[in-house]
Amino acid sequence: MSSHVPSSAAPAFGQADLSNCERELIHLAGSVQAHGALLVLRERDLQVLQCSGNVARLLGLPTEALLQRPLQDLGGDAADWVLPLRAHAELREPQSFQCSLGPRPGRFDAALHRPSEGLLVLELEPAGAWASELGGPVPEDLPPEVMASTLTEALQRFGAAPSVGVLADAVVEVLRHLTGYDRVMVYKFDPDGHGKVIAEARHPKLESLLGHHYPASDIPQRARALYLLNRVRMLVDVNASPSPLIPELLPETQEPLDMSMCQLRSMSPIHLQYLRNMGVTATLTASLVREGQLWGLIAAHHYTPRHLRSTVRAAADLLAEVASTRISAIENYAHAQVALMVRRLEQRLVEATSAEGDWRYALMRNSRTLLQPLDATGAALFSEGEVIVSGETPSTPELRALLSWVQSQAQVQVQDQVQFLSDGSLFACSSVSQAQPSLSSLTPTASGVLAVRLSTNSPDWLMWFRKEQLHSITWAGDPAKPMVANNPLELSPRRSFAAWSEIVRGTAVPWSNTELALARGIGVALVDIIVQVQAVRLLIAEHQLGKIRGAVAGSREPVLVADAQGRLVFANEALVALRGAPLDKGCDIACLFAAAPAVDQALAQMRQSQHGWRRELELIGLDGEPVPMAVHAEPVSSREGLALGSVLTLIDLREARRSDSARLNLEATLRQVAHDASGAVGAAAGTAGSATDSAATSGEADQVISAILTNASLAAMDIADARGGPPVAPLLQELEVSTRRATRLYGQIRKLLSRE
């Protein structure tokens, strides 16, 4: 597949400046880092079509001796490895092995992948004595027993991390111990792509960068896309001259080579200058990916050239993969905690409504209960034409203007600082003044807004506010020192931090996914309470029937209202849509469920005790198929204690059942992976040396595999427990794929180590 884009649309590699670096074609670099060599092979006959210009130094073969010649004729056993991989391996990601190549021949760590149909890319990095003889940076490595124990301890530590902060601290400490870099950091990206250093392990002589922010422009979108494809990237020496590909274009297509998956791909000159301005000589980055998106990066810096062997890089990749699954588990477990918080709030409001008759003032009276969980500084409730406030808020006219703007934006969109959920029930904005300049007066008290809709047919909303975020510049060095000039190649971290400071001016701290989930949960709970209150009014105030019927009908949750004899008074649109057909008024609501006698008995007991109940029941659909539902039934009585009827609120459990099924499938897969991995490790250990050595190696490997699978099991439990959050089944499937990949990565490490 060609990735060639005309220069008029995007600057070629190395020709970008700060105004257009976002579009630089970094995947078409056309050159490699100096420490390794690259060969492009025609797949059908392994003929060399392209090679890097440093082959004479690294392979002992001049360019003219390589081009248009089959790999088999170049000496060494490289072809013996490539042929079976070409036939049997999945080569979308590089496959690692060790081989020899050249007239002597030299020993290399190699990686093979297929960039497009009919082409293979072979990357070669000198290893061992050959690397020393060539005089380049000698790759850093770890003994097999140290590697196994390090991975085992790290994975156990990751699996026990209770929060993202604790996990990030463990990640930087483990990666610094594993790789030996001077500084290792974890960056986390916010919804707008800006990065923050949330964890750091460093040499004690270095200044701390913990807590520093960087604008999204520091990592262009093309680079972010490559971080998703090529999870681990190493820069050995920022000052080494890259080696160009010869010829520049592929002979058969006259197009540049797509180097997206190349481990040796040279880096953008702008990025290299940025590192020089920081004083950084060598780097290693590993991607942290959640639900297919770039959640953050592990970034390691060194202040002299540093070269890691492929085994150590694979170990870093494995640890980043497992850390990503743990992040997903931790963040989704937060959704379960959100559901618990919402349940407690709902209980308090129901009790307050029974005592005071109005849930609105009960909600807004206790500002700590309402504001603290969302880290908000103020809130406003728009209900039945009234505005009720709590904490620090704009004036009433300003609030009404804000409400008008929010309602005008109520459509499916994610643009700049504004976002809506797909059903329009939740609105989030971190900078009202940027999204709507006419509302800039709100910035002191409401720079950020989070709002949930409480009704589909009236302007009822609950909104939370945040002030403009405060920040301080703590970059190393004299803050009064003049900035560098406005030269594209003189972009510096201090200027980058200043750029972020400018970006966040007039901006509140963005609302996190957990806060969005909590706000939506509170909104759903309030809608449920509103429905219950209005259903009561429906039964005791016939003259208000039309108005209240509309509110109940518009509820997102299916609702049944029955009289004291259990006959249907009202079914809202959500229930009719779920069942697939309208219901006859006056029908026995127990007959709508598969266990009709049990439901009838439960309703009769509720009428006597006047206590509600919750249970799982199967609603009979129009086609006769049962639909699993969670049913919440509450009795309704008059002030005199006379039983008037009941309100039943239903929640569809099909997604929860699918999640349970996905978890069972995952558990079966983990057992199979454990069985397969045990067999593979045993086979590898059998060729590693003596019987004693084999047993020790096998035991160490078993610990690593066990740690991987234990971490996956813990993550699966946390994800499966996160009811009320995003759909669980896709997350479990993603965990299954991630675990397989982590196991496969460790299998490659074992194969490479067993041949040492």
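Just so we're clear, the structure is a prediction, and the values are computed from it rather than from any experiment.
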Is there side-chain contact between [X] and [Y], with at least one heavy-atom pair below 4.5 Å?
{"X": "L294", "Y": "I219", "value": "no"}
{"X": "F382", "Y": "V387", "value": "yes"}
{"X": "L578", "Y": "M629", "value": "yes"}
{"X": "T445", "Y": "T377", "value": "no"}
{"X": "L731", "Y": "S328", "value": "yes"}

So, taking the atom named [atom1] in [X] and the one named [atom2] in [Y], what distance separates them when rounded to the nearest 0.5 Å?
{"X": "L454", "Y": "L381", "atom1": "CG", "atom2": "CG", "answer": "6.5 Å"}
{"X": "H212", "Y": "M185", "atom1": "NE2", "atom2": "CE", "answer": "10.5 Å"}
{"X": "L439", "Y": "W405", "atom1": "CG", "atom2": "CH2", "answer": "6.5 Å"}

Checklist line | Partner set under salt bridge (charged side-chain N to carboxylate O under 4.0 Å, His left out) for D375, not counting sequence neighbours | finding: none
Just by distance, do the side chain of [X] and the backbone of [Y] share a donor-acceptor pair under 3.5 Å?
{"X": "W511", "Y": "V449", "result": "yes"}
{"X": "S659", "Y": "E655", "result": "yes"}
{"X": "R224", "Y": "Q293", "result": "no"}
{"X": "D460", "Y": "S455", "result": "no"}

What's the shortest heavy-atom distance between [X] and [Y], and which atoms?
{"X": "A161", "Y": "R326", "result": "O-NH2, 2.9 Å"}
{"X": "A519", "Y": "L374", "result": "CB-CD2, 3.8 Å"}
{"X": "A379", "Y": "T393", "result": "O-CG2, 3.4 Å"}
{"X": "I522", "Y": "W464", "result": "CD1-CZ2, 3.9 Å"}

Next item on the list: Apply side chain to side chain contact (heavy atoms under 4.5 Å, CB included) to V636 and S646, showing your working.
Entry: CA-CA 5 Å; V636 179; S646 56; 5.7 Å; no
Margin query: Can you list everything that forms a ring pair (Phe, Tyr, Trp, His ring centres under 6.0 Å) with Y187? Sequence neighbours excluded, please.
Written below: Y214
Next item on the list: Show your reasoning for whether side chain to side chain contact (heavy atoms under 4.5 Å, CB included) applies to L402 and Q436.
Entry: CA-CA 10 Å; L402 175 62; Q436 181 61 24; over 6 Å; no
Margin query: Using the side-chain hydrogen bond (donor to acceptor under 3.5 Å, both in side chains) definition, which of the options Q434, E468, H194 pairs with T507?
Written below: Q434
Check: For E386, which residues count as a side chain to side chain contact (heavy atoms under 4.5 Å, CB included) partner, sequence neighbours excluded?
Finding: R360, Y361
Sequence neighbours excluded, which residues qualify as side chain to side chain donor-acceptor pair (under 3.5 Å) partners of [X]?
{"X": "E200", "value": "R183, R202, S208"}
{"X": "S324", "value": "none"}
{"X": "D169", "value": "none"}

Next item on the list: Would you sort out whether S738 and E321 count as a side chain to side chain donor-acceptor pair (under 3.5 Å), showing the intermediate values?
Entry: CA-CA 7 Å; S738 178; E321 186 71 46; 2.5 Å; yes
